[in-house]
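Here the structure is laid out as structure tokens; the discussion comes afterwards.
Letters go in sequence order (proteins before strands), and every chain restarts at 1.
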Amino acid sequence: MSESQEYHLKVPMEFDFQQNLNYLLRESNEVMYQIEGQKITRVVEIDNLLILIRLSYKEAYLRISILNEVHLTEEQVAKLLIFVEDFFDLTRDLKPFYQLAKADPILKNVASQFYGLRLMGVPDFFEAISWGILGQQITLSFAYTLKRRLVERFGEKISYHGQVYWAFPTAAVIADADMADLLALKLSRRKCEYLQEVARLILSGQISKEAYLSMADTETVEKAMTTIRGIGPWTANYVMMRCFRLGEAFPTADVGLLNALKVVQGLPEKPTQSSLLHLKKCWGQWCGYSTFYLWRLLY
DNA sequence: CACCAGGACTCGG
DNA sequence: CCGAGTCATGGT
């Protein structure tokens, strides 16, 4: 009988567990995690090993409980903790963001309304890029439905106490999937092609999170990513923001962002791209956080 | 019923 | 380079 394994991570100052929980709760059709009470349960994949973890919060610490029977090496435990840190973006110091927001008419109110909210991450590269592709053009609720179908058709699962928890499909599985099976999920043919192409590029090592992270700046990464079919400026910036954690990432064409800016500024129309370039200069390293906070006004 | 959704590709000028 | 059409489906 193995005892349940537990680990703890101290959270930084500018952290409000409830704000992050509220963000995770905003979409009831989400398939990548479940929330019961004040606890988040999800699967994490480390070295091809599926780990079921439950996250809770107490007195400035995140508690990570491992629910399934796995034996982890020290190195794997370290990777798991890094995953959780990345998920909540714990290593970033948000003081400069709130400093900036205090003097910014657009950010002032949202920053205090959602104080302690972290830019929740999608650490897995294939998941992040797939989610970007799925989210193109269609309504968010439909995108969540497509993701659920994709995950429940091609992902692996862990059952625990009558609940089912899913891991996102691996690039290998999607690369080998039959086009007909992908089409049956009601993705457009183009999106199926994009997903398979990306999966194959990852499998062959032609693209990787590590390689993109080693690039000099967001412009270089964006230029490299947008050469891939199906990845335009929006998707590239979305992935840079949620997965690569580049503060300057800024999906300036994002409809949600434009609508939020319109509301906050009381504009008659959506803001122009030139006004977004101005915001990019003002917000610098905090474009991603600004976007994430503004999204919270809508969803 | 028309229109738009957390876009990007394709093709004609 | 630039504008218009196309894509799948679901919600309003």
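- The separation between A:Glu27 atom CD and C:dG10 atom P is 15 Å, rounded to whole Å.
- Residues A:Glu152 and A:Lys157 are not paired through a salt bridge, judged by the lack of any N-O separation under 4.0 Å between the basic side chain and the carboxylate.
- The main-chain N or O of A:Gly230 is found under 3.5 Å from a side-chain atom of A:Gln136 such that the two form a donor-acceptor pair.
- Straight-line distance between the P atoms of B:dC3 and C:dA4: roughly 15 Å, to the nearest whole Å.
- Contact annotation: A:Lys270 reaches the phosphate of B:dA5 (side-chain N/O to OP1 or OP2, under 4.0 Å).
- Looking at heavy-atom distances under 4.0 Å, A:Arg26 makes contact with a base.
- Residue A:Met13 belongs to no hydrophobic cluster, having no ILVMFWY side-chain heavy atom closer than 4.5 Å to its own.
- The stretch residues 107-144 of chain A touches DNA chain C through A:Gln137, A:Ile138, A:Thr139, A:Phe142, each having a heavy atom within less than 4.0 Å of the strand.
- Protein atom CG of A:Leu146 is 14 Å distant from nucleotide atom C1' of C:dG11, rounded to whole Å.
- Residue-level contact check: A:Thr235 touches the backbone only, with heavy atoms under 4.0 Å from sugar-phosphate atoms and none from bases.
- At a threshold of 4.0 angstrom between heavy atoms, the contacts of A:Pro233 are confined to the sugar-phosphate backbone, with no base atom among them.
- Because its NZ or CZ atom is both nearer than 6.0 Å to the ring centre of A:Tyr23 and within 45° of the ring axis, A:Arg26 counts as a cation-pi partner of that residue.
- Rounded to whole Å, atom P of B:dC9 lies 13 Å from atom CH2 of A:Trp234.
- Seen from the ring of A:Phe87, A:Arg42 counts as a face-on cation partner, given the 6.0 Å and 45° thresholds.
- Grouping Ile, Leu, Val, Met, Phe, Trp and Tyr by side-chain contacts under 4.5 Å, direct or through others, puts A:Ile158 with A:Val43, A:Leu50, A:Leu52, A:Leu67, A:Tyr160, A:Tyr165.
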List, one per line, each side-chain donor-acceptor pair under 3.5 Å for residues 256-278 of chain A, sequence neighbours excluded.
{"unit_1": "A:Asn259", "atom_1": "ND2", "unit_2": "A:Val255", "atom_2": "O", "d": "3.3"}
{"unit_1": "A:Gln265", "atom_1": "NE2", "unit_2": "A:Leu261", "atom_2": "O", "d": "3.4"}
{"unit_1": "A:Thr272", "atom_1": "OG1", "unit_2": "A:Ser274", "atom_2": "OG", "d": "3.2"}
{"unit_1": "A:Thr272", "atom_1": "OG1", "unit_2": "A:Ser275", "atom_2": "N", "d": "3.2"}
{"unit_1": "A:Gln273", "atom_1": "OE1", "unit_2": "A:Thr252", "atom_2": "OG1", "d": "3.1"}
{"unit_1": "A:Gln273", "atom_1": "NE2", "unit_2": "A:Thr252", "atom_2": "O", "d": "2.9"}
{"unit_1": "A:Ser275", "atom_1": "OG", "unit_2": "A:Thr272", "atom_2": "N", "d": "3.4"}
{"unit_1": "A:Ser275", "atom_1": "OG", "unit_2": "A:Thr272", "atom_2": "O", "d": "2.7"}

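- Remark: the separation of the C1' atoms in C:dG10 and B:dC9 is 23 Å, to the nearest Å.
- Across all strands, A:Ile228 comes closer than 4.0 Å only to sugar-phosphate atoms, never to a base (heavy-atom distances).
- Within residues 180-202 of chain A, the residues having any heavy atom closer than 4.0 Å to DNA chain B are, in order of number, A:Arg190, A:Tyr194.
- A ring-centre distance under 6.0 Å is found for A:Phe125 and A:Phe244.
- For A:Tyr61, the ring pair (Phe, Tyr, Trp, His ring centres under 6.0 Å) test picks out no residue, with sequence neighbours left out.
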